[in-house]
2 protein chains.
Amino acid sequence: MIEERRERADAARNRRAILRATEELLARHRPEQISMEQVAAAAGVGKGTVFHRFGSRMGLMVALMQERAYALEEAVASGPPPLGPGAPPEERLTAFLDAIVDVVGRNKGLLAALGHAATATPRPEWKEQNGHRDGGDSADSADHAPGSRDGHPVYRFWHGHTSTLIAARRPDLDGELLAHILLGSLQSEPVLRLLERGEASRLAASLRVMAAGMLASPAPT
Amino acid sequence: MIEERRERADAARNRRAILRATEELLARHRPEQISMEQVAAAAGVGKGTVFHRFGSRMGLMVALMQERAYALEEAVASGPPPLGPGAPPEERLTAFLDAIVDVVGRNKGLLAALGHAATATPRPEWKEQNGHRDGGDSADSADHAPGSRDGHPVYRFWHGHTSTLIAARRPDLDGELLAHILLGSLQSEPVLRLLERGEASRLAASLRVMAAGMLASPAPT
DNA sequence: GGACAACTGGACCGTCGGTCAAGTACGTTC
DNA sequence: GAACGTACTTGACCGACGGTCCAGTTGTCC
């Protein structure tokens with residue numbers, strides 16, 4: 001099989017510049033307020049370049065999110081407890097929620113933007129002309145089929161892990177859905193605003209309360 | 001004092017037509033996918049009329065939501081228990097969450113759309129049926145004071161009621177935030193999808209689990 | 001150093017939310 | 001029932017934005 005040529009040096013430089021510019025913009029504005037032209041300008045490249053590399057607005061966000069979430073994914077899969085394997089489910093869940101709050105807090109509303117982009121992309125189909133290899137694995141990053149998408153990989157991983165932990169402790173509950181609910185709260189405006197005000201720990205605390213209450217043994221009544 | 005004149009007959013007719021058309025469109029599509037032109041066409045009026053009556057995309061959504069939520073507000077304030085006053089907080093909360101799931105289920109994603117629009121709208125306040133002068137001031141885009149707007153009235157009411165009920169039973173918790181988390185889940189994509197598949201009762205059940213776990217007396221640990 | 005593909009940039013397109021000035025018709029008053 | 005003031009209606013128009021296209025540039029391989 002033909003191994004892909006190495007990414008050209010200038011392309012790599014620009015890709016990094018775009019990602020960095022986006023991060024910077026994201027630190028100051030909500031994702032919906034950032035236009036692709038702004039990103040291009042901030043990165044010092046043409047708009048076409050941005051689209052060439054990332055395919056679409058959402059592609060950019062996904063790529064960025066993926067990068068940010070990578071470390072967490074690693075830590076969960078093979079890091080030390082309580083985040084990694086080895087600790088009891090409730091402790092792992094707590095640690096995981098804390099970690100997620102941290103990631104989301106440093107990327108205001110990115111998650112939310114992704115969630116909506118999923119529905120909002122009017123894109124009927126995806127032209128396969130893009131050499132879409134953003135920072136490594138992207139086996140499935142191209143499957144933006146409107147029908148089949150359950151969210152992007154990062155969300156899928158977060159949700160899968162959360163619901164697994166819930167199910168481990170309380171198989172009688174609807175872990176799948178509870179995980180969506182827990183994670184879904186990170187998309188809401190008021191919560192985002194809280195994060196913007198730097199009250200991440202307050203959010204983490206309440207999330208812990210919810211998780212604990214839910215995992216506690218069934219009410220004696 | 002001059003009373004506001006009655007709404008003109010044609011205006012009333014058009015307002016109803018617009019609201020109805022929006023509802024109809026909303027039954028088939030997500031709010032973000034509906035363009036104002038579409039609404040106007042479906043209602044059989046000019047685009048200008050829609051904007052004249054509702055001020056903006058969000059104004060329309062708010063008006064619609066308000067109408068839908070009115071009955072619930074009444075029931076909570078002065079209806080029979082468990083929704084109305086008289087029942088213990090946990091029962092009222094459960095009933096209230098069920099009712100909200102029902103309302104949201106019949107208005108796909110409206111809440112979510114509002115939540116997001118909240119950040120994007122320049123419209124500071126909206127009187128029910130106002131002679132609304134929208135020309136002239138173009139300085140309005142500067143007035144979204146990030147602190148002052150906590151979402152639209154409907155959300156404020158829902159949140160206020162929820163957090164009050166939580167606080168009544170568990171004053172030691174961060175009821176404000178927990179209410180946002182609970183309500184926020186109704187904005188997330190996966191949950192919306194669930195609702196679209198008609199699994200509202202499944203959602204209601206899980207919400208009850210969360211609420212119950214949270215209101216249960218503090219863990220003995 | 002030559003050839004070729006990958007990459008780049010920005011003019012361009014269609015759509016959308018929102019505006020406006022001119023026209024229309026409702027309700028009132030005599 | 002005619003005349004009148006005004007609330008209401010309209011659709012062309014505007015600026016912005018996401019996304020496309022392709023001619024020109026540049027890095028890489030031989």
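Chain naming here is simple, since letters A, B, ... match the order of the sequence lines and numbering starts at 1 in each. All of these numbers come straight from a predicted model, not from anything done at the bench.
Regarding contacts with the backbone of C:dT8, a side-chain N or O of A:N14 is found under 4.0 angstrom from either OP1 or OP2. Considering only side-chain N and O atoms, B:T49 lies under 4.0 angstrom from the phosphate OP1 or OP2 of D:dT10.
Salt bridge annotation for A:R202-B:E176: absent, with no cationic side-chain nitrogen under 4.0 angstrom from a carboxylate oxygen.
Judged by distance alone, the side chain of B:R57 and the main-chain N or O of B:I34 form a donor-acceptor pair under 3.5 Å. With B:T49 contributing its side chain and B:V45 its backbone, the two residues share no donor-acceptor pair below 3.5 Å. In this structure a side-chain-to-backbone donor-acceptor pair under 3.5 Å is present from A:R92 to A:V76.
Expressed to the nearest 0.5 Å, how far CZ of A:F54 lies from OG1 of A:T22 amounts to 7.0 Å.
Distance, B:R8 CZ to D:dT6 P: 13 Å, rounded to whole Å. If you take CZ of A:R15 and P of C:dC7, they are 10 Å apart, rounded to a whole angstrom. Put simply, CZ on B:R13 is 13 Å from P on D:dC8, counting in whole angstrom units. Taking atom NE2 of A:H52 as the reference point, atom C1' of D:dG27 lies 13 Å away to the nearest angstrom. Rounded to an integer number of Å, the gap from CZ of A:R57 to C1' of D:dA16 is 13 Å. In this structure, CD of B:E7 is placed 18 Å from C1' of C:dT28, rounded to the nearest angstrom.
Heavy-atom distances under 4.0 Å link DNA chain D to B:V45, B:G46 of residues 34-46 of chain B, given in residue order.
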Could you run down the sub-3.5 Å N/O contacts of the protein with nucleotides 1-3 of chain C?
none

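Among A:L93, A:D98, A:L97, the single residue meeting the side chain to side chain contact (heavy atoms under 4.5 Å, CB included) criterion with A:R208 is A:D98.
Taking the six-membered ring for Trp and thresholds of 30 and 60 degrees, B:H180 and B:H159 have nearly parallel ring planes, at less than 30 degrees apart.
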